[in-house]
Each structure stands twice: as structure tokens, then as C-alpha cells.
Student: 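The structure is given below, and queries will be raised subsequently.
This structure is a prediction, so every number in the text was calculated from the model and none was measured.
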Amino acid sequence: QVYLAESGGGSVRAGGSLKLSCEGSGYTSWHKYAMGWFRQAPGKEREGVAVIYTNGNSIHYGDFVKGRFTISQDFSEDGVTMYLQMNNLKSDDTAIYYCAAEWYSDYVWSVAPLSRKSYSYWGQGTQVTVSS
């Protein structure tokens, strides 16, 4: 089983920073999973923010990130913690941020790593609100 739990959301002014965390747990081989952050604003589709596959040392960012966000991972005996450091936040970044995971696939990683349809496991989400 795969369990994902996000934390670290909150309210911040434009230009500020937040760091999100996602704890992955469950009896599984986390090094074989691709993981990522997605977000969904009201009335909009869920979009890929950043995804990571550390076993292959590979990362993809959404075009709108433009160097403002950094995704990373720490593995432990109990599971994995994934982070999203968000700097220079804008009001457009306001959304619910979700953590996602999926068993790694070379094909999916090369074709659609940032597509929400490529991930089966999801956390409950954490709200990020950026005020101007």
C-alpha cells in the first residue's frame, strides 16, 4: 500500500516563500516510484508542478515554475519525504497542492511525466494561498 500525506501549506504574501512536505509510507520500494507535486485552483484542471524520480536522478518542472520552485526527496527506512520549496510566490500560485506517486515507467516518464493521468496515488492536498 502507498500512503501520501502533505503538510506545509498556508497563507503568504506575494514574493514570499513556503516549503511543502509530503510523507510517503507503506510497505513498498519507494526508490522505484516517480513522485510529484500537482496543484488545482478553483475552476481549473489539476496541473503538474514538479516531478522527481531520484533513482534515475531526473526532475521535470511545469513551464510556469520558471526557476522559482525546487523539488527534492529524502529516503529513510520508514519511507520517503518529498519537498517543494516555493520562492517568489505569486497570486496565480494559489491552489490546493497535491502529492502524487506512481510506479516508475520509462515510457510514461519520457512522454507525460507531468500529466495527472500518469499517477495513481494521491494525498489529500494542502491549501496554498498567496495574497497580493
Student: Among the clusters formed by ILVMFWY side chains lying less than 4.5 Å apart, do Val128 and Val65 turn up in the same one?
Tutor: yes
Student: So Tyr98 and Trp37, ring pair (Phe, Tyr, Trp, His ring centres under 6.0 Å) or not? Walk me through it.
Tutor: CA-CA 6 Å; Tyr98 296 91; Trp37 290 98; 9.6 Å; no
Student: What heavy-atom pair brings Ala41 and Ala95 nearest, and what distance separates the two atoms?
Tutor: N-CB, 3.8 Å
Student: Are Tyr83 and Tyr121 joined in one hydrophobic group, where the rule is that I, L, V, M, F, W and Y side chains link up if heavy atoms are under 4.5 Å apart?
Tutor: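 No: no chain of side-chain contacts under 4.5 Å links Tyr83 to Tyr121.
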Student: Would you say Ile59 and Val49 are hydrophobically clustered, going by side-chain heavy atoms of ILVMFWY under 4.5 Å?
Tutor: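 As far as the 4.5 Å side-chain criterion goes, Val49 and Ile59 are connected within one cluster.
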Student: Taking atom types as modelled and ignoring hydrogens, do the side chains of Tyr61 and Asp63 form a donor-acceptor contact shorter than 3.5 angstrom?
Tutor: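 On atom types as modelled, these side chains do not qualify, holding no pair under 3.5 Å.
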Student: Testing the basics here: between Cys99 and Glu6, what is the closest heavy-atom pair and its distance to 0.1 Å?
Tutor: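 Shortest heavy-atom contact: N-OE2, 2.8 Å.
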Student: Are any of the side-chain heavy atoms of His31 and Phe75 separated by less than 4.5 Å?
Tutor: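 In contact.
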Student: Looking at Ser118 and Ala112, what are the two nearest heavy atoms and their distance?
Tutor: OG-O, 2.8 Å
Student: When clusters are formed by joining ILVMFWY residues with side-chain heavy atoms under 4.5 Å apart, either directly or through shared neighbours, do Tyr107 and Trp109 land in the same one?
Tutor: no
Student: Relative to each other, are the rings of Tyr33 and Trp103 parallel, tilted or perpendicular (30° and 60° limits)?
Tutor: perpendicular
Student: Which donor-acceptor pairs under 3.5 Å do the side chains of residues 15-26 make with protein atoms, sequence neighbours left out?
Tutor:
{"from": "Ser17", "atom 1": "OG", "to": "Asn87", "atom 2": "OD1", "distance (Å)": "2.9"}

Student: Write out all pairs satisfying side-chain hydrogen bond (donor to acceptor under 3.5 Å, both in side chains) with one or both partners inside residues 42-52, taking only residues at least two apart or from two chains.
Tutor: Arg39-Glu47, Gln40-Arg46
Student: Judged by atom type as modelled, is there a donor-acceptor pair below 3.5 Å linking the side chain of Ser105 to the main-chain atoms of Val108?
Tutor: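 Side chain of Ser105 to backbone of Val108, a donor-acceptor pair under 3.5 Å: yes, one is there.
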Student: Considering only heavy atoms from C-beta outward, does the side chain of Met86 approach that of Asp93 to under 4.5 Å?
Tutor: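 Met86 vs Asp93: side chains apart.
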Student: Identify the two heavy atoms, one from Leu84 and one from Ala50, that lie closest to each other, and give their separation to 0.1 Å.
Tutor: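 Smallest interatomic distance, heavy atoms only, reads CD1-CB, 4.2 Å.
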Student: If I take atom CZ from residue Arg68 and atom CG from residue Leu89, how far apart are they, to the nearest 0.5 angstrom?
Tutor: 6.5 Å
Student: Given Met35 and Val80, is the side-chain contact (heavy atoms from CB on, under 4.5 Å) satisfied, shown in steps?
Tutor: CA-CA 10 Å; Met35 296 184 69; Val80 61; 3.7 Å; yes
Student: Does Ser132 offer a backbone N or O that forms a donor-acceptor pair with the side chain of Ser91 under 3.5 Å?
Tutor: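 Here the side-chain-to-backbone pair does not exist.
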Student: Can you label the angle between the Tyr119 ring and the Trp122 ring as parallel, tilted or perpendicular, going by 30° and 60°?
Tutor: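 Perpendicular, since the angle between the ring planes exceeds 60°.
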Student: Ignoring hydrogens and geometry, is there a side-chain-to-backbone donor-acceptor pair from Ser120 to Glu102 under 3.5 Å?
Tutor: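 It does not hold such a pair.
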Student: Consider only side-chain heavy atoms of I, L, V, M, F, W and Y, link residues closer than 4.5 Å, and tell whether Trp30 and Tyr3 are in one cluster.
Tutor: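 Trp30 and Tyr3: separate clusters.
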Student: Determine whether Ile52 and Met82 make a side-chain contact, defined as any pair of heavy atoms from C-beta on separated by less than 4.5 Å.
Tutor: yes
